[in-house]
Trainee: 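To start, I am sharing the structure in question, which I have written as structure tokens.
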Amino acid sequence: MPDLPFDMHNIAFSYIYQVPNLATVTAIIASLILLIFIFSYISSIMEFVFVESLVRNEVKFWAYSRRFLGKGFRLLLVRLAIGLVLLALFGIFLLPLIPLIREVSSDFSLSASLGGILWVVGVIILLILLALAIDSLLSLAIPLAIYRNKGILSAFKLVLGNFRKNWREVVVYWFVRLLLYIGVAVLAIFLFVGVALVLGLTFLIFDVALYFLFSSLLSELLLWLLLIPFIVIELILILGILFFLGVPLSVFLKYHMLSFLEAWYEDAEIPFFDTPAPEPKVKVDEPEPTF
């Protein structure tokens, strides 16, 4: 085999080293996408579990999770389809900017560039508001999918049908919901920051006291090996306490949504507050509704 020139050797070696890097990057991206998909699926199931737990006033995590595996997966697919449609709309709205980009690349214009930026920002805001509105209506469809024994798309069509007749009430609901979110966010910030500061200072004083207590008895390495497990446990305790403090706020917002749905949609058949929730009206040999 003839010897390759020096440059060809460099090209060959660089190509050999780039291929594993490309494979590694591809594997990392695929793993991240898979993790996002898994956590999104779990989150979709938890939305059904949350509603069922509030309505029944009891938590059967594993039983409810197994019951809603199918509905959660279909909810994930619907949200994925909605996301793809919104992404396609974003691309369509950007089409008018193509001639502008060509003009700016050839002859820079500050006014044209500023107009393009404002257009993109306006499109993003519009699509975010549209996504929030769709997601709100989809959240209203989740209890209907459970207690009317419907597929998620069928329940969503019921919500849309009632929205066409009573859209003003939903607009008021969105406005009240926005105020509630702002109030809950402010309360959560003060609550979480206050609790985190109190617990953080308490644990810091404990750790400093522990450090000076054992500093004369242990080496620096052994001392930190002793302190690190305490610090990790303290951080886990702080995060766990903050999580449990946030649960009542989430429950309040979900109860508000269920109360509105019960008043807004007459045939919602949500059996909570006054009557015990019956088991789902699905026979053993009857398949669960799909979409």
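Predicted, not measured: the structure shown is a model, and the values here were computed from it.
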Trainee: Locate the shortest heavy-atom distance separating Lys71 from Lys150; write the atom from each residue and the value.
Mentor: NZ-O, 3.0 Å
Trainee: Would a 4.5 Å heavy-atom cut-off, applied to side chains only, mark Tyr173 and His256 as touching?
Mentor: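 Of all side-chain heavy-atom pairs linking His256 with Tyr173, at least one is under 4.5 Å.
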Trainee: Rounded to the nearest 0.5 Å, what separation is found between the CG atom of Asn166 and the CH2 atom of Trp264?
Mentor: 7.0 Å
Trainee: Are side-chain heavy atoms of Ile152 and Leu77 found at a separation under 4.5 Å?
Mentor: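 Side chain of Ile152 against side chain of Leu77, heavy atoms only: no contact under 4.5 Å found.
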Trainee: Measure the spacing between CD of Glu47 and CD1 of Ile146 and express it to the nearest 0.5 Å.
Mentor: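 Reported to 0.5 Å precision, the distance equals 10.0 Å.
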Trainee: Transitively linked via ILVMFWY side-chain contacts under 4.5 Å: Tyr181 with Phe50?
Mentor: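 Result: no, two separate clusters.
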Trainee: Would you kindly confirm whether Phe93 and Leu132 end up in one hydrophobic cluster when ILVMFWY residues are joined by side chain heavy atoms under 4.5 Å apart?
Mentor: yes
Trainee: Is the closest side-chain heavy-atom distance between Phe260 and Leu140 below 4.5 Å?
Mentor: yes
Trainee: Check the pair Ile270, Tyr265 against side-chain contact (heavy atoms from CB on, under 4.5 Å), reporting the backbone distance first and the verdict last.
Mentor: CA-CA 10 Å; Ile270 302 176; Tyr265 195 91; over 6 Å; no
Trainee: Side-chain contact test, heavy atoms from C-beta onward, threshold under 4.5 Å: evaluate it for Leu199 versus Glu234 and give yes or no.
Mentor: no
Trainee: Could you grab the distance from atom CG of Leu94 to atom CH2 of Trp119, nearest 0.5 Å is fine?
Mentor: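 Going from CG on Leu94 over to CH2 on Trp119, the span is 9.0 Å.
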Trainee: Are any of the side-chain heavy atoms of Leu210 and Phe206 separated by less than 4.5 Å?
Mentor: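 With C-beta onward as the side chain, the pair touches.
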Trainee: Output, in order, the C-alpha distance, side-chain angles, deciding distance and verdict of side-chain contact (heavy atoms from CB on, under 4.5 Å) for Val49 and Arg67.
Mentor: CA-CA 9 Å; Val49 173; Arg67 181 187 303 170; over 6 Å; no
Trainee: To the closest 0.5 Å, what do you measure between CD1 (Ile92) and CG (Leu87)?
Mentor: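 Result: 10.0 Å between the selected atoms.
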Trainee: Is it possible for you to say whether Phe73 and Ile45 belong to one hydrophobic cluster, with membership spreading through side-chain heavy-atom contacts below 4.5 Å?
Mentor: yes
Trainee: Flag the pair Leu130 / Leu126 as yes when at least one side-chain heavy-atom distance between them is below 4.5 Å, and no otherwise.
Mentor: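 Leu130 vs Leu126: side chains apart.
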Trainee: Between Arg177 and Leu253, is there a donor-acceptor pair closer than 3.5 Å when you use the side chain of the first and the backbone of the second?
Mentor: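 It does hold such a pair.
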Trainee: Hey, could you give me the CZ/CZ distance between Phe163 and Arg168, rounded to the nearest 0.5 Å?
Mentor: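 One gets 11.0 Å once the value is rounded to the nearest 0.5 Å.
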Trainee: Tell me whether Val171 is reachable from Leu180 by hopping between hydrophobic residues (I, L, V, M, F, W, Y) whose side-chain heavy atoms are closer than 4.5 Å.
Mentor: no
Trainee: Is there a path of hydrophobic side-chain contacts, each under 4.5 Å between heavy atoms, that joins Phe212 and Leu222?
Mentor: yes
Trainee: Mind checking whether Ile124 and Phe90 have side chains closer than 4.5 Å, heavy atoms only?
Mentor: yes
Trainee: Would a distance-only check, ignoring hydrogens and angles, find a side-chain to backbone donor-acceptor pair under 3.5 Å from Ser43 to Phe39?
Mentor: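 Flag not set: sc Ser43 to bb Phe39 has no pair under 3.5 Å.
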Trainee: Would you say Trp174 has more than 12 foreign heavy atoms packed within less than 6.0 Å of its CH2?
Mentor: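 Enclosed.
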Trainee: What heavy-atom pair brings Ala155 and Ala145 nearest, and what distance separates the two atoms?
Mentor: CB-N, 3.7 Å
Trainee: Please determine whether the number of non-hydrogen atoms from other residues, nucleotides or ligands lying under 6.0 Å from atom CG of Asp267 exceeds 12.
Mentor: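 For Asp267, atom CG is crowded (more than 12 foreign heavy atoms under 6.0 Å).
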Trainee: Locate the shortest heavy-atom distance separating Ala268 from Leu144; write the atom from each residue and the value.
Mentor: CA-CD2, 3.6 Å
Trainee: Please name the pair of heavy atoms, one in Leu75 and one in Leu138, separated by the smallest distance, quoted to 0.1 Å.
Mentor: CD1-CD2, 3.7 Å
Trainee: Using the six-membered ring wherever Trp is involved, compare the ring planes of Phe68 and Tyr64 and label them parallel, tilted or perpendicular (cut-offs 30° and 60°).
Mentor: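 Tilted: the ring planes of Phe68 and Tyr64 meet at 30° to 60°.
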Trainee: Work out which heavy atom in Tyr41 is nearest to a heavy atom in Leu69; give both atom names and the distance.
Mentor: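 That closest heavy-atom pairing would be OH-O, 3.0 Å.
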Trainee: Which one of Val25, Thr24, Thr26 satisfies the side-chain contact (heavy atoms from CB on, under 4.5 Å) criterion with Ile28?
Mentor: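 For Ile28, the side-chain contact (heavy atoms from CB on, under 4.5 Å) test succeeds with only one of Val25, Thr24, Thr26, which is Thr24.
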Trainee: Any side-chain heavy-atom pair from Val78 and Phe156 closer than 4.5 angstrom?
Mentor: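 No, their side chains stay 4.5 Å or more apart.
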Trainee: Rounded to the nearest 0.5 Å, what's the gap from OG on Ser136 to CE on Met257? Could you check?
Mentor: 8.5 Å
Trainee: Considering all heavy atoms of both residues, which atom of Phe61 and which atom of Ser65 are nearest to each other, and what is their separation?
Mentor: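 Here Phe61 and Ser65 meet closest at O-OG, 2.7 Å.
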